[in-house]
Each structure stands twice: as C-alpha cells, then as structure tokens.
Amino acid sequence: MPPRHRLLAVSVALMWGLNFIAIDASLQVFPPLFLVALRFALLAVPTILLVPRPDVPVRWLLGYGLGFGTLQFLFLYWGMSIGMPAGLASLVLQASAPFTVLLGALFLRERIGPLGIAGITIAVGGLTVVGWQRWESASLLPFLLTLAGAFGWALGNICNRRARPSNPLHLTLWMSVVPPLPMLALSLHFEGPAAIAASFTGLGSAAGLAALAGLAYTVAIGTILGSGVFTWLMSRHPAGVVAPFTLLVPVFGMSAAWLALGERPSAGELAGGVMIVSGVLIGAARRPRLPRRRSAPPAAGPPPRTPAGIHDDSLTKST
C-alpha cells in the first residue's frame, strides 16, 4: 500500500473516531431512538432516488440493515444516552470483531484457527475487565447496551458476507433504507410525539446547532465519505492490509473524547482496551504462506527419445 493510501486509511479511522463525538452532541438534543431514525432517513431518501439497488438477495439486504443499521445504532445510541462515555463506546464496539468470528464459525462454518481462538480469548478478557470497571462505577447497563450494539454489527457483517455485493458501497447506502420506519415506530411508542417535537424547539440554540452539526457529520463524513474511502481502499488492497487500520478508531475516539469532553478512562478501562485491541489484532492475523519448494532439476543428459510420428507438446509448451 503506497503512503498516500495509508494516510487515507488513517483518515478513515479518524473520521470514524470523531463520529462518536458527533453522536454525543446530537444526543444532547434528540431522543436516541428518534435520532437513529432521523440519521438513516437523511441517507435513505437520496439513496432511493440516486443510487441503483445492489444486486443482492433482498433477505441479506434486510438482514444487513437490521443488524448493522438498526440493532447496532439502537443499542449504541441508547447506551450513550444513559451514560456510556463516547470514547469508551468507540472501544467497546470493537467487540464486533470477535462476535463476527464466532458467528461466522456458527452459521458460515468458517474455521477458527489457533490465532483466532487466542484473539477471541484476549478480547473477551479485555471486555470482562472493562465491564468490571463499569460495574464498580454503577454504569454496567450502558456498557451492556453498547456490547449489544457490537453484536448487532456482527450480525450485519454475516449478512454482508452472504450478500457478496459487486458494489459494497451501494449495499452500505441501501442498508440505510431499512432502519428509519422501525426506528420511528419504536420512537413514537417509547419516547412519544411530545419528546420528538420538543427536540426541534431549541435547534437555534448553541446546543441545537451543535446537535445539527453532529447529525450532519455522522451522515456526510462518518457514513458517506468514511465508508466511501474505506470501500475504495478495500477494492484496491487485500482486506488484511486495510482492515487493521480500523483498530485506530478507538485511539482517535478516546483521544477526541478526552480533549473535547474531558473523559478520562480509568487505568482498568485502559488496560481492558489494550487487551481488546490486541485480541482483535491477533485474531485478524494470518500465517504467511510458505513458498512452494520446487523440485530439483533433472540431471543433465541427452534428451528423451520420442517415437517417430508422435509430437510431444510438453517440449514446446511455454512455461
């Protein structure tokens, strides 16, 4: 991968890390369930009008939209709205990687090698440490909700693999068509029309403008630009080269949350975070393929005799 492509990969991690700061700003004004519906509605309308539908079975498109779009962000936004720190949320969502490996083994019969088992074990150990720290601070529920969001992301990954889209970006955009209606129905039932209407009354204030800016960022930068650049890189380089750059997302997310929001994770949370990222990195590692050992050339000697009238193609075929 040339240096400019590496910089693009780092920029995607930066865009996705800052996405959690933008979400936090929007949650200061909008109810979480309605915010998910609004976010994807802003993506769904232009997608239906301008983007061709991907050539994948409808069931996998719906599954991707329900897992990656609906469940992931339902639980993530809900968890952040009741106290999950933005930086820590960017870290806990990395649990989607070991969840994806386990679901792939269960439903797709993908083999988990020794490195995969070791990576899952280390990552789960890190999640246990973070969960224990959250338990001690009486904020375990937001952690569990964010972990459920990571599981939803993993379900979406499985559906994405089964879909095998020829244009992954089109599938990512059309995924946004699935969440708006079910999320709006959930919002109307649990949050109520009054809370939704009240969220629009203060949009002219500083908090309201920050919420709108955060919403615009998640749609334009976090989803369209970030996913577009990532898809472009994946189409030009092996997945094993591009995907590890996403491990920088919690690094940028936690750093930005520390600078912008004053969030300071505990030593235990940092230790658990190192274990999670290390486990994901180990699980994503692949053993290098050893070069084939070439057989020794035959000993020098006179060429074999070919019977008259028989043409030996093996002596004239280029290698």
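As the structure is a prediction and not an experimental result, all values here were calculated from the model.
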Would you find a donor on one side and an acceptor on the other, under 3.5 Å apart, between the side chain of [X] and the backbone of [Y]?
X	Y	answer
Gln133	Val129	no
Glu191	Leu188	no
Ser166	Asp55	no
Trp78	Pro32	no
Ser227	Ile224	no
Gln94	Pro250	no

Can you hop from [X] to [Y] via hydrophobic side chains spaced under 4.5 Å?
X	Y	result
Leu141	Phe143	yes
Leu169	Trp60	no
Trp132	Ile122	no
Val10	Phe20	yes
Phe68	Met15	yes

Do you know the tightest heavy-atom contact between [X] and [Y]?
X	Y	value
Leu14	Tyr217	O-OH, 4.2 Å
Ser199	Pro31	CB-CD, 3.8 Å
Val92	Ala150	O-CB, 4.0 Å
Ile120	Pro98	CG1-CB, 4.0 Å
Ile82	Pro142	O-CG, 3.7 Å
Met254	Gly87	CG-O, 3.2 Å

Say you draw a straight line from [atom1] of [X] to [atom2] of [Y]; how long is it, rounded to the nearest 0.5 Å?
X	Y	atom1	atom2	value
Glu110	Leu103	CD	CG	10.0 Å
Arg134	Met84	CZ	CE	6.0 Å
Leu173	Asn167	CG	CG	8.5 Å
Ser11	Phe245	OG	CZ	10.5 Å
Leu147	Leu140	CG	CG	9.5 Å
Leu42	Leu215	CG	CG	5.5 Å

Does the gap between the ring centers of [X] and [Y] come in under 6.0 Å?
X	Y	answer
Phe30	Phe200	yes
Phe99	Trp153	no
Trp232	His237	no

Heavy-atom distance under 4.5 Å between the side chains of [X] and [Y], does that happen here?
X	Y	answer
His189	Leu33	no
Leu155	Leu66	no
Pro180	Leu43	no
Tyr64	Val56	no
Ser187	Ile196	yes
Phe151	Leu71	no
Thr218	Ser26	no
Met80	Leu76	yes

Six-ring centre of Phe73, Arg39 cation under 6.0 angstrom, axis tolerance 45°: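 Verdict for Phe73: a cation-pi partner in Arg39.
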Is there a donor-acceptor contact under 3.5 Å linking the side chains of Ser96 and Asn157? no
Under 6.0 Å from the CZ atom of Arg236, do we count more than 12 heavy atoms belonging to anything else shown? yes
Working note: Gln72 + Leu93, criterion side-chain contact (heavy atoms from CB on, under 4.5 Å); need CA distance, chi angles, decisive distance, verdict. CA-CA 9 Å; Gln72 177 188 189; Leu93 272 186; 3.9 Å; yes
Is there a side-chain contact (heavy atoms from CB on, under 4.5 Å) between Val36 and Thr70 once you walk through the steps? CA-CA 8 Å; Val36 178; Thr70 307; over 6 Å; no
Dump the intermediate steps for side-chain contact (heavy atoms from CB on, under 4.5 Å) on Val130 and Leu127, then the final yes or no. CA-CA 5 Å; Val130 175; Leu127 288 169; 5.6 Å; no
Using the test salt bridge (Lys or Arg N to Asp or Glu O under 4.0 Å), find all partners of Arg53 that sit at least two apart in sequence or belong to another chain.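 Per chain and number, Arg53 pairs via salt bridge (Lys or Arg N to Asp or Glu O under 4.0 Å) with no residue.
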Step by step, would you call Thr146 with Phe75 a side-chain contact (heavy atoms from CB on, under 4.5 Å)? CA-CA 6 Å; Thr146 307; Phe75 290 116; over 6 Å; no
Side-chain cluster (under 4.5 Å, hydrophobic types only) that Ile21 belongs to, other residues: Leu261
